[in-house]
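Chain letters run A, B, ... following the sequence lines, proteins first, then strands; residues in each count from 1.
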There are 2 protein chains.
Amino acid sequence: MGQTPAGNGRPRRPTMVDVAREAGVALRTVSRVVNNDPTVGPAYVAKVEAAIAALNFRPDERARQLRLGVTGTIGAAVRRIAEVNPALAAIEQTARATGLRLLASSTDFDESRERDILVSMCRQRLDGIIVEPFGNSHGYLEPELAAGMPMVSMDRPMSGISVDCVMSDNAAGIGTAFHHLHRHGHRRIGYIGDSELVFSGRERAAAFRAALVAHGQSVAGLVHPGDITAERVAADLDTVLHGPDPATALVTGNLDTTIAVLRVLGPQAASRLAIVGFDEVPLADLVRPALTVVAQDTATIGRTAVELLSARIADPSRPVQTVIVPVELKVRGSGEVPPHAIDS
Amino acid sequence: MGQTPAGNGRPRRPTMVDVAREAGVALRTVSRVVNNDPTVGPAYVAKVEAAIAALNFRPDERARQLRLGVTGTIGAAVRRIAEVNPALAAIEQTARATGLRLLASSTDFDESRERDILVSMCRQRLDGIIVEPFGNSHGYLEPELAAGMPMVSMDRPMSGISVDCVMSDNAAGIGTAFHHLHRHGHRRIGYIGDSELVFSGRERAAAFRAALVAHGQSVAGLVHPGDITAERVAADLDTVLHGPDPATALVTGNLDTTIAVLRVLGPQAASRLAIVGFDEVPLADLVRPALTVVAQDTATIGRTAVELLSARIADPSRPVQTVIVPVELKVRGSGEVPPHAIDS
DNA sequence: GTGAAAGCGCTAACAT
DNA sequence: ATGTTAGCGCTTTCAC
């Protein structure tokens, strides 16, 4: 015979059965009152509410969810919570507005951790999952998809499986950055960015090469994707700035690269190099030089992720969709320094 | 007769019963295999695993939790999950290391939203809750506490109920900031900080007044708590700087105040005023002036919150405890400007 | 070792 | 309008 499990120190909480007994009504009536069913007679409502108050009854959401089949909760597996993440903020806000709870977890740039989180979310039968994917093998999610788990990827596509996706227009962003510097007279423009092992690093480096080619320039010595470490960035910056034909301007491929470059160059950065960064920089207005950046529309990305997920939950058979969100150039100073103003 | 609910488009997922039938074994055996019970014969293990693979079976964590009584999940209700929040990062990491899932939600500086989140977490029967409380009436949680819901508050105590709490040594932090400026020769030191309606704003303003008194100085015109708006901060800064007896140094009471002050003063801040901020500033090394701050030990706060919560989960009857975490002065430049260097 | 069956706390079909 | 009861998918007691 099944018995009350976990005989730990917690006092047993009253259930609907207890409330029903206390109120002298049927269980069904308690359920009705708890769910605000209007067909319950006022006298019964009063009795039940009194019993609820007397026993301090609180319905158990877990049992409700098990019975209902849906959790009213979506998961978000992002690289970092607890960091500035406007997309996550937008996800949370949109989810709330849609009446969905949000379970957010950090994958922390760790493939096995991402897997743990995603599998755990599937086992919890969340109503859907938004993932900012990391790593290159998501095939293990195929069975979950087949079983009907709604999923949306953000910032980059997932590998090996086909799910709805929302991401920035990386190519256009890099093109805009390049063009902006070119328009300000620069003819030697370098690029330092994330590793080409990463999807966005790959897209952005490729877009930069394409921009160089489109402007009839040689690619040699100007395009530097790689890991974002102080050493690597400093070394490549040195190549770009002190080669035979030094660059007068630089495009940085993501936030971490921009910060690393600023740290290497120091506060005099703008006197040595025009810079346009990809990604908005927190406190950009307090940083010297004031940074011209290509900003992603993170609010739209987060909102769209929830919308795509909701659409898929509502209609699991709808065609898979990829949404590309435009980026925006924010002119603030560092990208408008003309080449002749730079002492090299 | 109860029937399968939610007849929506999702394909029905196989359950343990299906696996048992497919494998030709009893339900109990499937459960054993899923939970790695070593007492199952290898032949049975093989049969069950084959059936699991064939059916794509994934155990339903909700049912497991309902039966087990515990969720293996703790909640964190913090002001913002998608902002820099080292304490939340530490909570997540510690929870993970402890084998607990984390459900984080933003209360968003909204009392009713905080209440919704907390009540929802209680109804979900999370194993425990960490809350960075906002607002001044948490009496509604009394029944939950009485029912045995473990709870820990972070950064400030909760109002009206007694729960474990971990927070920074606000008084010592303000004292350190004041003392540091005093040691560098300043005799007129102002304070701008958060509203005294907020607990930490109250503690810090009080500590600052105490520091003034302890150094035999008048409090008049130097202590300015209030809402953190650009206008209010600018106005009070004006009072402090351009009064009859202008201050040569300033203590800012939290991060938002520090940022607001820097925005008002502009990049030449350090030439007009020595500044020591409360709270670490992101990218502090890229901001000019490099900021001297009193940093909270957020990593310890987050870790301690989880530890306090775990301790209470393990022993609901242990005495309620408040842990005060020391702060640390980070000397970077803005706080070491001597008074005579300042043009006023 | 394996199997049958109870029950976690709730919802909802069905009966009254 | 209210009551009875099956069952969501799992764990676990108890008998074999």
Note to self: Over all strands shown, is V34(B) touching base, sugar-phosphate only, or nothing at heavy-atom distances under 4.0 angstrom?
What the structure shows: nothing
Margin query: Counting only heavy atoms and a strict 4.0 angstrom limit, can you tell me which residues of residues 45-63 of chain B come near DNA chain C?
Written below: none
Next item on the list: Could you please name the option among dG3(D), dT11(D), dG1(C) that lies closest to any side-chain atom of Y44(A)?
Entry: dG3(D)
Notebook entry, point to check: Rounded to the nearest Å, what distance is computed from the CZ atom of residue R32(B) to the P atom of nucleotide dT2(C)?
Noted result: 7 Å
Next item on the list: Using atom CZ of R125(B) as one end and atom P of dG9(C) as the other, report the distance to the nearest whole Å.
Entry: 9 Å
Note to self: If we ignore hydrogens and angles and just use 3.5 Å, is the side chain of S159(A) paired with the main-chain N or O of N136(A) as donor and acceptor?
What the structure shows: yes
Item checked: S137(A) side chain to G139(A) backbone, donor-acceptor under 3.5 Å -> no
Notebook entry, point to check: Contact class for V40(A) vs. all strands (heavy atom < 4.0 Å): base, sugar-phosphate, or nothing?
Noted result: sugar-phosphate
Next item on the list: Say whether, by atom type as modelled, one donor and one acceptor occur between the side chain of R62(A) and the main chain of G69(B) under 3.5 angstrom.
Entry: yes
Item checked: Value in whole Å for how far the C1' atom of dT11(D) lies from CZ of R67(B) -> 5 Å
Check: Taking the side chain from R312(B) and the backbone from R318(B), do they hold a donor-acceptor pair closer than 3.5 Å?
Finding: yes
Next item on the list: Round to a whole Å and report the spacing from CZ of R123(B) to C1' of dT11(C).
Entry: 14 Å
Item checked: Whole angstrom value for the distance that separates P of dG9(C) from CD of Q124(B) -> 17 Å
Margin query: Whether R115(A) engages the ring of Y140(A) as a cation-pi pair (distance to the six-membered ring centre under 6.0 angstrom, angle to the ring normal within 45°) should be assessed.
Written below: yes
Next item on the list: In whole angstrom, give the distance that lies between atom CG of D37(B) and atom C1' of dC10(D).
Entry: 15 Å
Notebook entry, point to check: Okay, side chain of Q65(B), backbone of T71(B): is any donor-acceptor separation there less than 3.5 Å?
Noted result: yes
Notebook entry, point to check: Under 4.0 angstrom, heavy atoms only, what part of the nucleic acid is R64(A) near: base, sugar-phosphate, or nothing?
Noted result: sugar-phosphate
Next item on the list: Answer with yes or no whether R28(B) presents, from its side chain, a donor or acceptor under 3.5 Å of a partner atom in the base of dT13(D).
Entry: yes
Notebook entry, point to check: What distance do R80(A) atom CZ and S106(A) atom OG have between them, rounded to the nearest 0.5 Å?
Noted result: 7.0 Å
Notebook entry, point to check: Taking CE from M16(B) and P from dG3(C), how many angstroms apart are they, rounded to a whole number?
Noted result: 14 Å
Notebook entry, point to check: Counting just side-chain N and O atoms, does T39(A) come under 4.0 Å of either OP1 or OP2 of dA1(D)?
Noted result: no
Note to self: Base, sugar-phosphate or nothing for T29(B)? Non-hydrogen atoms, less than 4.0 Å.
What the structure shows: sugar-phosphate
Item checked: d(CG, D18(B); C1', dC10(D)) in whole Å -> 13 Å
